[in-house]
Asks: 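Below: one structure in structure tokens.
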Amino acid sequence: MSSRRVVVAGGGAAGFFAAITCAQAAPDVEVTLLEKGPQFLSKVRISGGGRCNVTHACFQARELAAHYPRGEQALIGPFHSFQASDTVAWFEARGVKLKTEKDGRMFPTTDSSQTVIDCLLGLARAAGVKLTLNRGVESVMKRLGGGFELRLSDGETLACDRLLLATGGCRVPALGQVAVSLGHTLEPPVPSLFTFHIETPWVQELAGVSVEAAEVSVPGTGLRERGPLLLTHWGLSGPVILRLSAWGARELQGFNYQFPLLVNWLPHLSSEALVAALQSRRNAQPARLVVNTPIAPLTARLGERLARAARVPDDRRWADLSRAERHQLVQQLHRTELQVTGKSLNKDEFVTCGGVRLGEVNFKTMESRLCPGLYFAGELLDIDGLTGGFNFQAAWTTGWLAGQALSAAIN
Ligand SMILES: Cc1cc2nc3c(=O)[nH]c(=O)nc-3n(C[C@H](O)[C@H](O)[C@H](O)COP(=O)(O)OP(=O)(O)OC[C@H]3O[C@@H](n4cnc5c(N)ncnc54)[C@H](O)[C@@H]3O)c2cc1C
């Protein structure tokens, strides 16, 4: 065996970033990247609807770290070394210019994930990384005197001095078995970034309607989020639901994805301000039908459905709205209670909450605290971010740190 061989298990964002960083910093070291599937960077390819949401325009380490329901504390230090602005500069210096969308998501100016794939593959090849497809790491033995002996999916064995596990999220615990066999603990995997099933017919009938800023909360928990909400033919989606699902990934799994959800459709108005808005509507347009004149910025269709859900009769004019009906309307506009009956994965981006326990890893180097010579990067760790480029950012940052540390350790 080469006395200076690094093996990277996993040909995703984190594995490639680590392999390139290590090979560029230590040209004499043999860096081998093993991918068990038939394609490198398959998630990069499909990410962001094929456009690859590479990172998020959030350039302050602590503020960036606050976007990770799991991993916030652990990532503050790493983000001081390599954060979103470093990702932008890294890609730009290598010919991939990024642009920022209104909501802060950053994409290649080509709007194609292929640009990112070509960049990473080209750099890895140029740096001499040995790239192998259809070869997974099945099991790992520690060698006496240091290093590892890997058993691969094609029956071969391979020895190395240092091993980086960048094998991605453990949707099922079996995917984290190599880490466990080397002494690590897996926080149990549960999905994050999902949408809610709601069987209330009027919600489903309004599929396609969006609300720019709604507030959703789960009674009896601290879960509360505000942001864009989308009604769908199966229930509710949109950034605010994905955020709630991420922060509540474990709690909502504990409810078996069946729980009441409160929606405040007009969170910018206090109760008093809402009552005053209804009163001024009554004064200004007494002869108009309540169902036809929604409070801004609600759309006509949503306003009508909410008035009906408040049991305001279709022929009720503002002048004739009773005190009890007004109370019902206020309740409905500020506290619509819907029953969530299940979840669907969000097709644009999903991640696994859970993975290798963070306290077992040194976040200065990404080296295991339990097994010298073993490193981790990417979603295999118990780190997951909100939607919007944060998950790739964690992969770039941890991959970069691991690559630097590997090159320094072995050089
Ligand atoms: C549909 C979808 C869209 C997404 N879009 C975005 C987005 O736009 N922006 C964003 O920030 N995040 C996005 N994400 C999340 C993001 O893709 C992941 O967080 C990120 O890919 C994690 O990178 P990784 O390298 O850790 O793992 P992965 O990308 O999952 O790569 C791990 C690789 O390791 C391989 N592997 C597994 N086991 C072994 C083994 N034993 N030996 C060898 N190889 C192995 C796997 O086959 C895989 O190729 C999206 C996720 C999905 C599912």
Side-chain angles (χ1 to χ4, degrees), residues 7-20 32-56 58 64 67-68 70-71 84 87 98 101 103-108 111-113 116-117 120 131-140 150-154 158 163-172 174-181 191-194 242 246 345-353 355-356 366 376-400 402-403:
V7 167
V8 174
F16 264 83
F17 226 63
I20 293 166
T32 297
L33 183 148
L34 303 173
E35 165 54 51
K36 82 167 177 191
Q39 249 191 2
F40 295 119
L41 298 162
S42 55
K43 276 204 191 160
V44 169
R45 184 177 303 282
I46 57 169
S47 65
R51 295 197 299 144
C52 189
N53 178 194
V54 174
T55 187
H56 200 94
C58 177
L64 184 58
H67 292 85
Y68 294 82
R70 268 73 42 191
T87 304
L98 303 182
E101 306 227 313
D103 58 6
R105 292 180 301 159
M106 300 194 76
F107 295 89
D111 276 328
S112 168
S113 55
V116 177
I117 294 175
L120 294 174
L131 297 170
T132 321
L133 287 172
N134 300 309
R135 268 187 127 188
V137 175
E138 297 255 291
S139 61
V140 178
L150 316 181
R151 198 168 58 78
L152 308 181
S153 52
D154 57 6
L158 184 67
L163 173 64
L164 169 69
L165 294 179
T167 49
C170 318
R171 275 168 294 112
V172 289
L175 291 171
Q177 262 326 102
V178 171
V180 171
S181 75
S192 182
L193 299 178
F194 48 85
L242 296 178
L345 282 187
N346 163 43
K347 66 175 170 23
D348 289 331
E349 179 174 350
F350 52 88
V351 281
T352 306
C353 149
V356 170
M366 303 315 297
F376 295 100
E379 211 185 309
L380 173 62
L381 292 157
D382 182 24
I383 290 179
D384 59 273
L386 301 179
T387 177
F390 300 102
N391 286 300
F392 277 137
Q393 184 56 53
W396 311 132
T397 297
T398 53
W400 185 85

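Only heavy atoms go into these numbers, but all of them, side chains included; no hydrogens, no water, no symmetry mates. Numbering of ligands and ligand atoms starts at 1, following listing order.
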Asks: Could you identify the single nearest non-hydrogen protein atom to atom 46 (C) of ligand 1 and state the distance to 0.1 Å?
Replies: Glu35 OE2, 3.5 Å
Asks: Between Thr398 and Gly378 (side chain of the first, backbone of the second, donor and acceptor by atom type, cut-off under 3.5 Å), is there such a pair?
Replies: yes
Asks: Please could you name the atoms of ligand 1 that Val351 approaches to less than 4.0 Å, counting only its heavy atoms?
Replies: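 Atoms satisfying the 4.0 Å criterion: 15 (C), 19 (O).
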Asks: For Ser153 and Gly136, indicate whether the former's side chain and the latter's backbone hold a donor-acceptor pair under 3.5 Å.
Replies: yes
Asks: Is there a donor-acceptor pair closer than 3.5 Å between any side-chain N or O of His67 and the backbone N or O of Gly385?
Replies: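 Not confirmed, His67 side chain does not pair with Gly385 backbone.
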Asks: I'd like to check whether Gln39 has a polar contact with ligand 1, where a contact means an N/O of the residue lying under 3.5 Å from an N/O of the ligand.
Replies: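 Not met; the criterion fails.
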Asks: Among protein heavy atoms, which sits nearest to atom 31 (O) of ligand 1, and what does the distance come to when rounded to 0.1 Å?
Replies: Gly12 CA, 3.4 Å
Asks: With side chains defined as the heavy atoms from C-beta onward, is the minimum distance between Phe392 and Thr55 less than 4.5 Å?
Replies: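 No, too far: nothing below the 4.5 Å cut-off.
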Asks: Show me which atoms of ligand 1 lie under 4.0 Å from any heavy atom of Gly136.
Replies: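 Counting atoms of ligand 1 from 1, those under 4.0 Å from Gly136 are 42 (N), 43 (C).
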Asks: So, do Leu150 and Leu163 sit near enough that their side-chain heavy atoms are less than 4.5 Å apart?
Replies: yes
Asks: Sequence neighbours excluded, which residues qualify as salt bridge (Lys or Arg N to Asp or Glu O under 4.0 Å) partners of Asp384?
Replies: Arg70
Asks: Starting from atom 25 (O) of ligand 1, which protein heavy atom do you reach first, and at what distance in Å?
Replies: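 I find the closest protein heavy atom is Ala14 N, 3.0 Å.
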Asks: What is the nearest protein non-hydrogen atom to atom 3 (C) of ligand 1, stated with its residue, atom name and distance?
Replies: Asp348 O, 2.8 Å
Asks: Could you tell me whether a side-chain N or O of Asn391 sits under 3.5 Å from a main-chain N or O of Gln393, the two making a donor and an acceptor?
Replies: no
Asks: Just to confirm my output: which protein heavy-atom neighbour is closest to atom 12 (N) of ligand 1, and how far is it?
Replies: Glu349 OE2, 3.1 Å
Asks: Answer whether the closest heavy-atom distance between the side chains of Ile20 and Leu120 falls below 4.5 Å.
Replies: yes
Asks: For atom 30 (O) of ligand 1, find the nearest protein heavy atom and state the residue, atom name and distance (0.1 Å precision).
Replies: Lys43 NZ, 3.5 Å
Asks: Which protein non-hydrogen atom lies closest to atom 39 (C) of ligand 1, naming both residue and atom, and how far is it?
Replies: Thr167 CG2, 3.4 Å
Asks: Taking only non-hydrogen atoms of Arg105, do any sit less than 4.0 angstrom from ligand 1?
Replies: no
Asks: Quick one: does Ser42 get an N or O within less than 3.5 Å of an N or O on ligand 1?
Replies: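 In this structure, Ser42 places no N or O atom under 3.5 Å from an N or O of ligand 1.
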Asks: Hey, is Lys347 touching ligand 1 through its side chain, its backbone, both or neither, going by heavy atoms under 4.0 Å?
Replies: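 Backbone only; the side chain of Lys347 stays clear of ligand 1.
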Asks: Test your reading of the model: is there a side-chain donor-acceptor pair from Asn346 to the backbone of Leu193, 3.5 Å cut-off?
Replies: no
Asks: Is a side-chain N or O of Glu35 found less than 3.5 angstrom from the main chain of Gly37, in a donor-acceptor match?
Replies: yes
Asks: What do you reckon, does Gly378 have a nitrogen or oxygen under 3.5 Å from a nitrogen or oxygen of ligand 1?
Replies: no
Asks: Is there a side-chain contact between Leu242 and Phe194 in this structure, where contact means two heavy atoms from C-beta onward sitting under 4.5 Å apart?
Replies: no
Asks: Suppose I only count heavy atoms of Gly168 and a 4.0 Å limit; which atoms of ligand 1 are within that range?
Replies: 26 (O), 27 (O), 30 (O), 32 (C)
Asks: How about Ile383 and Tyr68: do any of their side-chain heavy atoms sit closer than 4.5 Å?
Replies: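 Counting from C-beta outward, Ile383 and Tyr68 do come under 4.5 Å.
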Asks: State the atoms of ligand 1, each with its element, that fall below the 4.0 Å cut-off from a heavy-atom position in Ile46.
Replies: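 Those atoms are 1 (C).
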Asks: Can you name the atoms of ligand 1, numbered from 1 with element, that are less than 4.0 Å from a heavy atom of Phe390?
Replies: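 Every atom of ligand 1 under 4.0 Å from some heavy atom of Phe390: 11 (O).
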Asks: Checking contacts here: is it the side chain or the backbone of Ser153 that comes within 4.0 Å of ligand 1, counting heavy atoms only? Could be both or neither.
Replies: neither
Asks: For Cys52, does its backbone N or O pair with a side-chain atom of Ser113 as donor and acceptor, under 3.5 Å?
Replies: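 Such a contact is absent between Ser113 side chain and Cys52 backbone.
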Asks: What atoms of ligand 1 come closer than 4.0 angstrom to any heavy atom of Ser47?
Replies: 3 (C), 4 (C), 5 (N), 6 (C), 7 (C), 8 (O)
Asks: If we ignore hydrogens and angles and just use 3.5 Å, is the side chain of Trp396 paired with the main-chain N or O of Val54 as donor and acceptor?
Replies: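 Between the backbone of Val54 and the side chain of Trp396 there is a qualifying donor-acceptor contact (under 3.5 Å).
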Asks: With heavy atoms of Asn391 as the reference, note each atom of ligand 1 found under 4.0 Å away.
Replies: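 Per the distance check, 11 (O), 12 (N), 15 (C), 19 (O).
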Asks: Using heavy-atom distances only, which candidate in Phe392, Trp396, Phe17 approaches atom 11 (O) of ligand 1 most closely?
Replies: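 Ranked by closest heavy atom to atom 11 (O) of ligand 1, first place is Phe392.
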Asks: Quick test of your reading of the model: are Arg171 and Glu379 salt-bridged, counting only N-O distances below 4.0 Å?
Replies: no
Asks: Going by distance only, is there an N or O of Glu379 that falls short of 3.5 Å from an N or O of ligand 1?
Replies: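 Checking ligand 1 against Glu379, an N or O pair does fall under 3.5 Å apart.
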Asks: In the protein, which heavy atom is nearest to atom 51 (C) of ligand 1, and how far is it?
Replies: Phe350 O, 3.4 Å
Asks: For ligand 1 and Cys52, I'd like to know whether there is a polar contact (N/O to N/O, distance under 3.5 Å).
Replies: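 So ligand 1 has no N or O lying under 3.5 Å from an N or O of Cys52.
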Asks: Should you measure from each heavy atom of Ala13, which atoms of ligand 1 turn up under 4.0 Å away?
Replies: 25 (O)
